[in-house]
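To keep things clear, I will list the structure first and then write my remarks on it.
All heavy atoms count here, side chains included; hydrogens, waters and symmetry mates do not. We name chains A, B, ... by the order of the sequence lines, and we start the count at 1 in each one. Computed from a predicted structure; not experimentally measured.
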Protein chains: 2
Amino acid sequence: MADLKTPHHPLFLREEELRYSIELMFFAYRDFTAEADTMLASCGLGRAHHRVIYFVGRNPGINVSDLLAILNITKQSLSRVLSHLITDDYICQEQGTTDKRQRLLSLTDKGKTLEHDVTMIQRRRFAQAFKSVSTNDVTGFISVMEAMLDDKTLPLLRRTPMTRMK
Amino acid sequence: MADLKTPHHPLFLREEELRYSIELMFFAYRDFTAEADTMLASCGLGRAHHRVIYFVGRNPGINVSDLLAILNITKQSLSRVLSHLITDDYICQEQGTTDKRQRLLSLTDKGKTLEHDVTMIQRRRFAQAFKSVSTNDVTGFISVMEAMLDDKTLPLLRRTPMTRMK
DNA sequence: AAAATATGTCAACATGGCTGACTTAAAAAC
DNA sequence: GTTTTTAAGTCAGCCATGTTGACATATTTT
């Protein structure tokens, strides 16, 4: 985007564009999470529970260490939500076969249903947003969001066929 | 983006694309806020303080009600961080002229410096991301993020010249 | 004069992070 | 085969930041 640095785009515009992006990030993330939070609250759960359910659903049979690496929280923090989810039968654990110390996590049917319903709310918002813009805009969104990530975050991301197509 | 609905893009791809976007939102927001949080913590402040400093800096002389409308939190929550910021001389208040009940908020020099330094970290991340993609990608990012917003969020956003240019 | 508004305050509670210290069982290393 | 490391879990307490409810004060509006 070299032209942002040319005289055609004076400095104040660049500054404004960056501040505008910061504000978009704040407001979009807030609106993005609000609806799902409401549904979760009606089940007595919070955003942290959804994250666990989401990534366990995405990685069935994941062990605790790997889940911690994705969530980037302490095991004590995870323990609180995870034991809640196990008690309420959203998640089940089974002992690892090659390494019996591991507890491999999977969603129960109840967990799958909840994951689907909550994530559906967020998918719907993206689907509606994508419908209102061009295909080019969607790939632009994805490119920018990927460029925002830390290097160490990249390996945590499941790349889609679409992204690989580019 | 009608073609996502045609047989050329089978359903599973659309689902994957939406889930990928959800994950990008989660990881990008986390990485986006992490650096600034670290700097804030070194001043004994949190993310909530930055939000207040940011929007007061953006709207000098704003009154408390309007600030609450932007932040969308309760006045009790704001009170905690705001009184902290006033005590530590990041923000000053003065009585409104037309309505003496109002407390109009502005940044002190100390507050301006902190706002600049913290926001700079986030601007830098966007600047680096924008540099690595095309101009088209940037406008796509902005279009999608705008389309993600609730209707009631739109009036809270300061539109840039660039967005109006489109 | 009465009602509504802008702001502030006290108290209590929930969520979801954190640290530190310690246990248990299994795997790996010696 | 004993020691060390690792995977997982637990207890206790702290912090930041959100919430509700109840109430006070000053000012503006009706």
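Residue order along DNA chain D, read from the 5' end via each residue's closest nucleotide, puts A/Gln93 first among B/Val81 and A/Gln93. Each of B/Leu105 and A/Asn72 was matched to the nucleotide of DNA chain C holding its nearest heavy atom; the match closer to the 5' end belongs to B/Leu105. For the pair B/Arg80 and A/Leu104, nearest-nucleotide mapping onto DNA chain D gives the more 5' position to A/Leu104.
In this structure, A/Asp150 pairs ionically with B/Arg125, as a charged nitrogen and a carboxylate oxygen lie closer than 4.0 Å. The existence of a salt bridge linking A/Arg58 and B/Glu16 is confirmed by a sub-4.0 Å separation between a basic side-chain nitrogen and an acidic carboxylate oxygen.
Within 3.5 Å, no donor on the side chain of B/Arg101 pairs with an acceptor on the base of D/dT28, nor the reverse. Applying the 3.5 Å distance criterion, the base of D/dG21 shares a donor-acceptor pair with the side chain of B/Gln76.
The aromatic rings of A/His50 and A/Tyr54 stand perpendicular to each other, their planes meeting at an angle above 60°, with 30° marking the opposite boundary. Note: A/Phe26 and B/Phe55 have tilted aromatic rings, judged against thresholds of 30 and 60 degrees for the angle between ring planes.
Under the 4.5 Å side-chain contact rule for hydrophobic residues, B/Met145 and B/Leu154 share a cluster. One hydrophobic cluster holds both A/Phe141 and B/Leu157 under the rule that ILVMFWY side chains link at heavy-atom gaps under 4.5 Å. No continuous path of ILVMFWY side-chain contacts below 4.5 Å connects B/Ile53 to B/Leu104, so the two sit in separate hydrophobic clusters.
Between B/Thr74 and D/dT19 there is a side-chain N or O to OP1 or OP2 distance below 4.0 Å. Taking 4.0 angstrom as the limit, A/Ser65 places a side-chain polar atom (N or O) nearer than this to OP1 or OP2 of D/dA8.
Here the range on DNA chain C touched by chain B, meaning any atom under 4.0 Å from one of its heavy atoms, is C/dT5 to C/dC10.
Rounded to an integer number of Å, the gap from CG of B/Leu78 to P of D/dT17 is 12 Å. Residue A/Ile73 contributes atom CD1, which lies 14 Å from atom P of D/dA8 at whole-angstrom precision. Atoms CD (B/Gln95) and C1' (D/dT27) sit 9 Å apart, rounded to a whole Å. Whole-Å rounding puts the A/Leu82 CG to D/dA7 P distance at 17 Å. At whole-Å resolution of the value, CG in B/Leu71 and C1' in D/dT17 are 12 Å apart.
The nearest pair of heavy atoms linking A/Leu40 to A/Gly46 is CD1-O, 3.7 Å.
Counting non-hydrogen atoms of neighbouring residues, nucleotides and ligands closer than 6.0 angstrom, the CD atom of A/Glu94 reaches no more than 12 such neighbours.
Residues from residues 25-56 of chain B lying near DNA chain C, meaning a heavy-atom separation below 4.0 Å, are absent.
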